[in-house]
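Position 1 is the first residue of the sequence, and the numbers go up from there. Note that the structure is predicted; figures quoted are calculated from it, not measured.
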Amino acid sequence: MSHSASQLDIDAGGPGYSELVAELGEAFASGRTRPLEWRAKQLEGLQRMIDECEDELLGALHADLGKPGQEAWMTELSYVSGAADHARRRLKRWARPRRVPTPMLAQPARSWVAPEPLGTVLVIGAWNYPLQLALAGAAAAIAAGNCVVIKPSELAPATSAAIARLVPEYLDGACVRVVEGAVAETSALLEEPFDHILYTGGGTVGRIVMRAAAKHLTPVTLELGGKSPCVVLPDADLEIAARRIAWGKFTNAGQTCVAPDYVLTDAETERRLVPLIDAAIRSMFGDDPSASNSYGRIVNDRHFDRLAALLDSGHLAVGGRTDRATRYVEPTVLTDVAIDSPVMQDEIFGPVLPIVRAADLDAAIAHIRRGNKPLSAYLFSKDTAAERRFVSAVSCGNMCLNDTMMFMAVEELPFGGVGASGMGAYSGQHGFNAFSHLKAVIKRSWWPDVALRYAPFSENKWGLLRKLR
Ligand code: NAD
């Protein structure tokens, strides 16, 4: 059963989602989600849903964001299915008690960490990867043995509706529910005492989520964004760099949280790089990307207008054409971009790539460190000393050397931000851990019951303790 906004009477001060959350709480308390078989069955159901409903899901993603089929399959369907499969195959290993060494002072004893599910997890997704961001987190929460409420983004309405229709068909409705809706519904959900909240989206709402969670001492994982820098040094293979940057920037028409937001490079490298990016764009999307079926569209008019206004922030070196009727923004490269221009203020989140001058690696690092900690950072160079310096000097969520976004393909790399780009991570086993409590257990033997720690204290006991420490 899926709950929709119409079932609620939020504006009239109605019951909100207390009943829904109480039902899930009871289902969790009954132990239904504990057995690994239940978890594996849900994950398998999710995989089957993706597999059997591929056409419907691809259609919804196309309706919402004009996503090309192959791109949507690579970045959404296969991502979710892969995450569910990865978790299903490792469930037993992740869930079993993890032995840790017991120090001499606590001997004789055995000590272990016992992962246990938290209860009911709320997953609030964003619109740019509306399937992936609603379901990959849900898969991790299910793998850890939790009940889940999934709130897909209302800004991708076709995908939200598809999720709300399909999830009840493939997953256990007693423990996994979908709530569709916008701010009113999300706000009402946030009134409830969840056991964990995973939120993906902008930092402003991230703060609202964290404030609401604080009322119930609910832990949060916040997957936010930021301006992800891409540094290109003169020794890089610029042809490959251009292709990989163009791929990272123009996938999903730039509406990707880990897209390279802007390039930092020196004047001479910029002069060589720009025509190569132009060539990479043409080879991927042709001379007229508006006619390409490999290129997506902007999610709504508000974001289209926001992006169109950024095109004045520098010299249009590549692209620049737009069409409001179809929310098309051509893959665009801006040069002569001043650091204080509008395009350099906030995350761009669209297919506009400014190139900002930085004389060398030190200048680039200094620029990055002046801003908020980004979600991702990229360096293109063949110099391993530069690589080492970049890795140690730049704090960010995820880093990729000589490519963009490819950490997403490695399930066991913790995907998540730091500082303004978020907190926590939920890929692979990190996801299992994020939605588990890692309970500490020690089992002491009955004999011998050494008296060292018991009063009355004495110089002898104290001396022995110091030696044993
Ligand atoms: P969005 O508008 O879809 O909002 C995200 C969610 O928050 C939605 O489910 C929405 O219903 C809810 N929401 C919106 N306003 C709310 C309010 N006032 N109170 C409660 N809930 C509310 O997405 P967005 O914020 O436009 O997302 C874009 C941002 O997300 C970018 O900054 C991007 O970098 C970031 N992002 C991060 C990741 C990541 O994994 N780190 C992934 C995708 C997007």
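- In this structure, the ring pair (Phe, Tyr, Trp, His ring centres under 6.0 Å) partners of Phe285, at least two apart in sequence or on a different chain, are Tyr295.
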Next on the checklist: Between Leu57 and Leu166, is the side-chain contact (heavy atoms from CB on, under 4.5 Å) condition met? List the steps.
Outcome noted: CA-CA 10 Å; Leu57 293 169; Leu166 296 175; 3.9 Å; yes
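- The shortest non-hydrogen separation linking Thr404 to Ile245 is CG2-CA, 4.1 Å.
- Atom NZ of Lys92 sits in a sparse spot, with 12 or fewer heavy atoms from other residues, nucleotides or ligands closer than 6.0 Å.
- Counting non-hydrogen atoms of neighbouring residues, nucleotides and ligands closer than 6.0 angstrom, the CE atom of Met406 reaches no more than 12 such neighbours.
- In this structure, Glu270 and Arg357 approach most closely via the heavy-atom pair OE1-NE, 2.9 Å.
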Next on the checklist: Does Asp85 form a salt bridge (Lys or Arg N to Asp or Glu O under 4.0 Å) with Arg88? I'd like the steps, not just the answer.
Outcome noted: CA-CA 5 Å; Asp85 190 54; Arg88 191 171 53 79; 2.8 Å; yes
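- Ring centroid separation for the pair Trp127 and Phe349 comes in under the 6.0 Å cut-off.
- Within the model, atoms CD1 of Ile150 and CG of Leu133 stand 12.5 Å from one another, a figure rounded to the nearest 0.5 Å.
- Counting heavy atoms from C-beta outward, Arg244 and Tyr378 have side chains that stay 4.5 Å or more apart.
- In summary, Glu44 and Arg48 engage in a salt bridge, as defined by a charged side-chain N under 4.0 Å from a carboxylate O.
- Within a 6.0 Å radius of CD in Glu52, other residues, nucleotides and ligands contribute more than 12 heavy atoms.
- For residues 130-144, there are no side-chain hydrogen bond (donor to acceptor under 3.5 Å, both in side chains) pairs, not counting sequence neighbours.
- Taking the side chain as every heavy atom from C-beta outward, Val80 and Met49 never approach each other to under 4.5 Å.
- The environment of Trp73 atom CH2 is sparse: at most 12 non-hydrogen atoms of other residues, nucleotides or ligands sit within 6.0 angstrom.
- Geometrically, Lys151 does not engage Tyr199 in a cation-pi contact defined by less than 6.0 Å to the ring centre and at most 45° from the axis.
- Heavy-atom contacts from other residues, nucleotides or ligands closer than 6.0 Å to CZ of Arg369 number 12 or fewer.
- Distance CE/Met74 to NZ/Lys67: 10.5 Å, rounded to 0.5 Å.
- When the shell of 6.0 Å around CE of Met399 is examined, it contains more than 12 heavy atoms from other residues, nucleotides or ligands.
- Considering Asn146, Thr218, Thr120, Thr221 as possible partners of His196, the one that fulfils the side-chain hydrogen bond (donor to acceptor under 3.5 Å, both in side chains) test is Thr221.
- The shortest non-hydrogen separation linking Gly145 to Thr33 is O-OG1, 2.7 Å.
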Checklist entry - Would Glu223 and Tyr426 count as a side chain to side chain donor-acceptor pair (under 3.5 Å) if you check the C-alpha gap in whole Å, the side-chain angles of each, and the deciding distance to 0.1 Å? => result CA-CA 9 Å; Glu223 298 285 353; Tyr426 69 88; 5.5 Å; no
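- Residue Gln70 places its CD atom among 12 or fewer non-hydrogen atoms of other residues, nucleotides or ligands, all under 6.0 Å distant.
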